[in-house]
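These values consider heavy atoms only, across backbone and side chains, with no hydrogens, waters or symmetry-generated copies. Since the model is a prediction, treat every value here as computed from it, not as a measurement. Reminder, nothing fancy here: chain letters follow the sequence lines and each chain counts from 1.
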Amino acid sequence: MRTVTAVVIGAGHAGLAMSRCLAERSIDHVVLERGEVAHSWKTERWDSLRLLTPNWQSRLPGFGYAGDEPDDFMTVREVVEFIEGYANFVSAPVETGTTVEAVRANGDGYVIETDQGTWGCRAVVVASGGFSAAHVPAVAAAVPASVEQITTVRYHAPAQLSEGGVLVVGASATGIQLADEIHRSGRQVTVAVGEHVRLPRVYRGHDIQWWMDRAGVLDERYDEVDDIVRARRVPSPQLVGSPERITLDLNALTGIGVNLVGRFAGLSDGMAQFSGSLRNVCALADLKQTRLLDRIDEWATDAGLDPDVPAAERFPSTTVEDAPPLGIDLTSGEIETIVWATGFRPDYSWLDVPVLDHKGQVRHDGGIVAAPGMYLLGTTFLRRRKSSFIHGVGDDASDLSDHLAGYLAGSAPPL
Amino acid sequence: MSATEVDNGVNVEALLGAREALTETPEAGQFNWRVTCNWVKGTHSNSVVEGFFGLGAEQQHRKQFTFDADHPEVFASEDLGATPAEIVLVALGSCLTAGVAAVAQHRGIQLNSVSATVDGAMDIQGILGVDGDVRNGYSDIKVTYEIDADATDAEKEALVAQSQKRSAVYDCVTNPTNVTVAVN
């Protein structure tokens, strides 16, 4: 068994940022990676995807975007290059092609079993990513065999789909982006819409991320928000990173002929059933968007920005037809493919330590897991609203590596 | 106005406490609501609500509640109670309204008056079997609130939206449910 002080699981942006923070604190460690650096980005993302955040926001501890287009959005290839560049920059001790099979407590440390041998360590940082395992609802098993099903980690481009109608389930960033490009490829698209977050790409002359960054929205801490459980469940906003900086919301989709139905609620005798709650989930998103813009406007006034930026504006409510369909017969041929854009649910079943809740997710307090010396990194709203974004992981990695160093020294500092 | 000065008669602390407790012991959240429905005569029935199961044990309402249901005279019935379909609207309206009060309390909004009209559109060709393409149930339900409260219009809309998001009956009405009817 090889031994090391700390093991970081996952060599995505989060694991690498942690590697950098540990190195700065002279903590010897290894980063175990199932595939290659930036594995999910290399293999499990669709072709047209670009980051939802502008280039200027691509920053990791000690590292940042160095190109000439700060307001553009990185393609998947550019993200891979960025993360690989970071791995080189921090000289991260990455062991690629190493899949972790089990983590067990062992004395005052842990044993990490991998397909490439066993590691012993005092501390573990789980940075395996919140967006690596697609979550598909159980109802998928009852979909008639005549309908093809695909998740977003297997989807690459419209050309891989049948020519017929497509039902996209989910209306977060992924769902709306795929609905848009699939519909534009000549296939009739219907989107099943549950709760979602609506945002304009550009507001008052600046990217919405600029406003949220400047107004402090992205820095809100997990211990400051009213209801962190709910905040961690909020789906990713309806944004697309495009050179044209377009806003891609439900109105944009219905504008090109995409149909909207309610949340995918069930399946009976081959009939897909949709919730009658479409109007309300759209109202919730419209109201939430308005509250965010109110907050931004208030901040802009307080910051004295009003003379320098265009006037405040409000966007039309989401248009919902009078009687959206409540069902589609999946045996009729109208729908040939279902794209499940229903989010991600990481699999932690290899974590053989009693830290999982009844839904199999890691119990933690701002990334400090309820097992001594164990940490979680890179998941939604871990410590801050920005936690799951590339630029958001740095502050979390810094906080948690401080705690980890204190733990090793026998005096974990309060956070 | 702070939350402590607002009194809509909802014990929000107790509800939040229950939510926290159920996060730790999710099995205690398994409830069974029960109604006993007895046929009286014709389309008239009388239903009784008394006990239910929840928090791991049998529970009792403070007293027995009864509900008469019948059909109106235009259906050649005696009209000895609201129609069952209307009782669904009663359930929807009262569930959403309870939610409005609870959400308002949580958000520190004092309610002065709340009134909802619930309008369900139904084509009875369905239940009469005249046209197989017409469903038996409601084709559309509209709930319209009049709310007098110390709140902006946007805050009132948010109250109503959040109430729908957390309503049991709204969920029952908008989503499919497996129903098993057996004869002993």
Side-chain angles (χ1 to χ4, degrees), chain A residues 137 139 142 192-196 198 226-230 232-234 261-269 271-295 314 317-318 320-327 329 357-361 363 370, chain B residues 3 12 15-16 19-20 22-30 88 92 95-96 99-100 103 106-108 120-121 123 133-135 137-145 151-180:
Chain A
V139 69
V193 180
E195 275 190 60
H196 57 275
R198 181 185 181 198
D226 194 33
D227 185 343
I228 185 60
V229 177
R230 191 164 135 200
R232 284 187 178 137
R233 276 202 302 252
V234 170
V261 293
R263 191 177 63 82
F264 195 112
L267 232 158
S268 179
D269 295 333
M271 179 75 88
Q273 299 167 313
F274 306 111
S275 177
S277 63
L278 178 62
R279 201 172 303 282
N280 191 48
V281 292
C282 292
L284 282 162
D286 289 346
L287 288 162
K288 199 180 177 80
Q289 173 175 262
T290 300
R291 285 197 296 272
L292 177 73
L293 300 183
D294 286 346
R295 180 174 167 185
R314 291 295 173 265
S317 297
T318 303
V320 177
E321 62 176 298
D322 281 343
L326 296 167
D329 184 354
D357 64 19
H358 67 284
K359 298 186 97 168
Q361 299 302 296
R363 282 185 284 122
Chain B
V12 167
L15 293 176
L16 292 175
R19 206 185 87 162
E20 199 154 306
L22 288 182
T23 306
E24 297 303 315
T25 53
E27 61 282 1
Q30 295 301 319
V88 171
L92 179 62
C95 195
L96 290 175
V100 166
V103 176
H106 187 45
R107 295 184 178 178
D123 182 346
D133 292 335
V134 175
R135 69 181 283 185
Y138 290 112
S139 55
D140 191 59
I141 298 177
K142 279 198 170 54
V143 185
T144 311
Y145 270 95
T152 64
D153 287 348
E155 285 169 335
K156 291 178 195 173
E157 283 171 31
L159 282 183
V160 169
Q162 182 66 19
S163 172
Q164 291 168 74
K165 184 173 152 178
R166 284 282 163 262
S167 164
V169 178
Y170 177 86
D171 179 89
C172 292
V173 173
T174 53
N175 293 313
T177 307
N178 285 317
V179 179
T180 306

Asks: How long is the straight-line distance from NE2 of A:His358 back to OG1 of B:Thr23, given to the nearest 0.5 Å?
Replies: 8.0 Å
Asks: If you count every heavy atom of other residues, nucleotides or ligands that lies below 6.0 Å from B:Glu27 atom CD, does the total exceed 12?
Replies: yes
Asks: Where do B:Ala161 and A:Leu287 come nearest, in terms of heavy atoms and distance?
Replies: CB-CD1, 4.0 Å
Asks: What closest approach, in Å, do B:Pro176 and A:Ala265 show between heavy atoms, and which atom pair accounts for it?
Replies: CD-CB, 3.5 Å
Asks: Counting neighbours of NZ on A:Lys288 that are heavy atoms of other residues, nucleotides or ligands and sit closer than 6.0 Å, is the number greater than 12?
Replies: no
Asks: Can you list the steps and then say if B:Glu157 with A:Thr290 is a side-chain contact (heavy atoms from CB on, under 4.5 Å)?
Replies: CA-CA 12 Å; B:Glu157 283 171 31; A:Thr290 300; over 6 Å; no
Asks: Looking at chain B, which one of A:Ser268, A:Ser277, A:Ala283 has the largest number of heavy-atom pairs inside 4.5 Å, strictly under?
Replies: A:Ser277
Asks: Under a 4.5 Å heavy-atom cut-off, does chain B meet the side chain of A:Asp294, its backbone, both or neither?
Replies: neither
Asks: Side chains of B:Lys165 and A:Glu195, heavy atoms from C-beta outward: is any pair under 4.5 Å?
Replies: yes
Asks: Tell me, side chain or backbone of A:Asp227 under 4.5 Å from chain B's heavy atoms, or both, or neither?
Replies: side chain
Asks: Output the option from A:Gln273, A:Arg279, A:Arg291 having the highest count of non-hydrogen pairs under 4.5 Å with chain B.
Replies: A:Gln273
Asks: Should A:Arg263 and B:Asn175 count as side-chain neighbours, where that means a heavy-atom distance under 4.5 Å?
Replies: yes
Asks: Answer yes or no: does atom CZ of B:Arg19 have more than 12 heavy-atom neighbours from other residues, nucleotides or ligands under 6.0 Å?
Replies: no
Asks: Taking the side chain as C-beta and beyond, is there a heavy-atom pair between B:Arg135 and A:Leu326 under 4.5 Å?
Replies: yes
